[in-house]
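Quick notes on the structure that follows.
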Protein chains: 2
Amino acid sequence: MTMTDSSNDHAGLRQAEAESFEGSIRSAGLKVTAPRLAVLRALTDMPHSNADALFGAVRAGLPGTSLQAVYGVLGSFTTAGLVRRIEPAGSPALFERRVGDNHHHIVCTRCNVVHDVDCAVGHAPCLTPSDALGFDVRAAEVIYWGLCAQCQLDTASQLDTASQLDTATP
Amino acid sequence: MTMTDSSNDHAGLRQAEAESFEGSIRSAGLKVTAPRLAVLRALTDMPHSNADALFGAVRAGLPGTSLQAVYGVLGSFTTAGLVRRIEPAGSPALFERRVGDNHHHIVCTRCNVVHDVDCAVGHAPCLTPSDALGFDVRAAEVIYWGLCAQCQLDTASQLDTASQLDTATP
DNA sequence: GAATTGTCTTGAATTACTCAAAACAAATGC
DNA sequence: GCATTTGTTTTGAGTAATTCAAGACAATTC
């Protein structure tokens, strides 16, 4: 299947996007390859994804790609500072394109959705521990844990149903 | 081999300690078993240890114990709120007895040593993100990354040696 | 002291990830 | 353009940390 250039309204945008991906990869000192472009596009569409989810997205547009290639791409991107890797407890590593701004994350304990949150207090928030114990502190990583809005609703309605059942079965 | 009670100065202390371990386990609603006592003792001696390190320590005093038993003990202790599990990025899960005080951790990026640090700012420090995005925030986990005092010295002297080599080989 | 309940041992399986060698493709120099 | 160099991907295997399951066993309860 071939695609005529500028065949629809999105073509221009898509091409501009592709060029920006290419530029990012190239200026990170890495060779521009199809798997790399595909991973970068997938990561733009679905931030906070793990290697396996990205592999799925990449494979959709580039069938021959291996999972190891995705790991390789993510590794080189992370080393190059093109993507950031986070590892919330109990989760495989997640990746995002938002780098260099020291933002943090909030994770739902029920559905595992992840969102970005900006620095907690003032500018460089938790970067100063009460006592650094002689450490030369380079980074502070904050993860908030809680229930997302949807899961609050879901659990509330579950409790509701449960209490109704209690009443219904004396 | 048998051990006479109160045969040395440490015996009284050791017994008191054993009783406190027993009490902790019992009041957490768990059965008191030899592997559990051994894990709790090991964890007291070496906080921020992983399952494998604890297994090693436990096995020293209680040879028949299996690694799976250690995982089981740690799992039930964690569920019961008797120990806290932390998972710094790139590390297997670490365990500690200090629970319920919402303290944080500082990890050396070179030697992986972990220390406790108290809350960063004020009382409930980073517990309030700038924008919780509708989440019901229950916990904030902060990990500081940096070089410990010893590793600062080590890397400094290495740089020193390297520059000396540079000068020595023109 | 027997019954009940929960825990431990043994053995296997799973998940997430890494390593290595050969095939291949992108950038570089001619 | 085409060959070379360098870096990347594929294929296949391997590892670390952890979990699952069945039966044996031990701690509490009655």
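Chain identifiers are assigned alphabetically (A, B, ...) following the order of the sequence lines, protein sequences preceding nucleic acid strands; residue numbering begins at 1 within each chain. Keep in mind it's a predicted model, so treat the numbers as computed, not measured.
- Atoms CG (B:D52) and P (D:dT18) sit 9 Å apart, rounded to a whole Å.
- Side-chain contact of B:D118 with B:H104: a donor-acceptor pair under 3.5 Å is absent, judged by distance alone.
- Looking at A:T33, A:V39, A:L40 one by one, the single match for side-chain contact (heavy atoms from CB on, under 4.5 Å) with A:I25 turns out to be A:L40.
- Among the heavy atoms of the strands, none lies under 4.0 Å from A:A34.
- Among the protein residues, B:S76 comes within range of no part of the nucleic acid, since none of its heavy atoms lies under 4.0 Å from any strand.
- In this structure the side chain of B:H115 reaches within 4.5 angstrom of the side chain of B:V113, judged on heavy atoms.
- Taking side-chain N and O atoms only, A:T33 has a distance below 4.0 Å to OP1 or OP2 of D:dT9.
- Per the geometry, CD belonging to A:E87 stands 18 Å off P belonging to C:dT15, to the nearest Å.
- B:G64 comes within contact range of the sugar-phosphate backbone alone, with a heavy-atom separation under 4.0 Å but no base atom that close.
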Walk me through whether A:R97 and A:S24 qualify under side-chain contact (heavy atoms from CB on, under 4.5 Å). CA-CA 11 Å; A:R97 288 196 67 189; A:S24 306; 3.6 Å; yes
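- Considering only side-chain N and O atoms, A:R26 lies under 4.0 angstrom from the phosphate OP1 or OP2 of C:dA27.
- One interatomic measurement links the two molecules: CD1 of B:I25 to P of D:dA26, which rounds to 18 Å at whole-angstrom precision.
- Between A:N50 and A:S91 there is no side-chain heavy-atom pair separated by less than 4.5 Å.
- When the nucleotides D:dT9, C:dC8, D:dT10 are ranked by their closest atom to the side chain of B:V73, C:dC8 comes out on top.
- Closest to the A:Q68 side chain, of the nucleotides D:dG12, C:dA27, C:dT9, is D:dG12.
- Nearest to the side-chain atoms of A:Y71 among the listed nucleotides D:dT19, C:dC17, C:dT9 stands C:dC17.
- For the pair B:L94 CG and D:dA17 P, the computed distance is 11 Å after rounding to whole Å.
- Among the nucleotides C:dT9, C:dG6, D:dG7, the one closest to the side chain of B:K31 is C:dG6.
- Under the 4.5 Å side-chain criterion, counting only non-hydrogen atoms from C-beta, B:L82 is not in contact with B:V99.
- If you take CZ of B:F55 and P of D:dA16, they are 15 Å apart, rounded to a whole angstrom.
- Note: CG (B:L62) to P (D:dC25) measures 16 Å, nearest angstrom.
- Between A:E22 atom CD and C:dA26 atom P there is a gap of 11 Å when expressed in whole angstrom units.
- For the pair B:A93 and A:A69, nearest-nucleotide mapping onto DNA chain D gives the more 5' position to A:A69.
- Relative to the side chain of B:L67, the nucleotides D:dT10, D:dT18, C:dA27 differ in distance, and D:dT18 lies closest.
- Comparing D:dT10, D:dA17, C:dT7 against the side chain of B:P92 picks out D:dA17 as the nearest.
- Remark: C1' of D:dA17 and CG of B:L74 are 13 Å apart, rounded to the nearest angstrom.
- Listed candidates were D:dT18, D:dT28, C:dA27. Nearest to the side chain of A:V32 is C:dA27.
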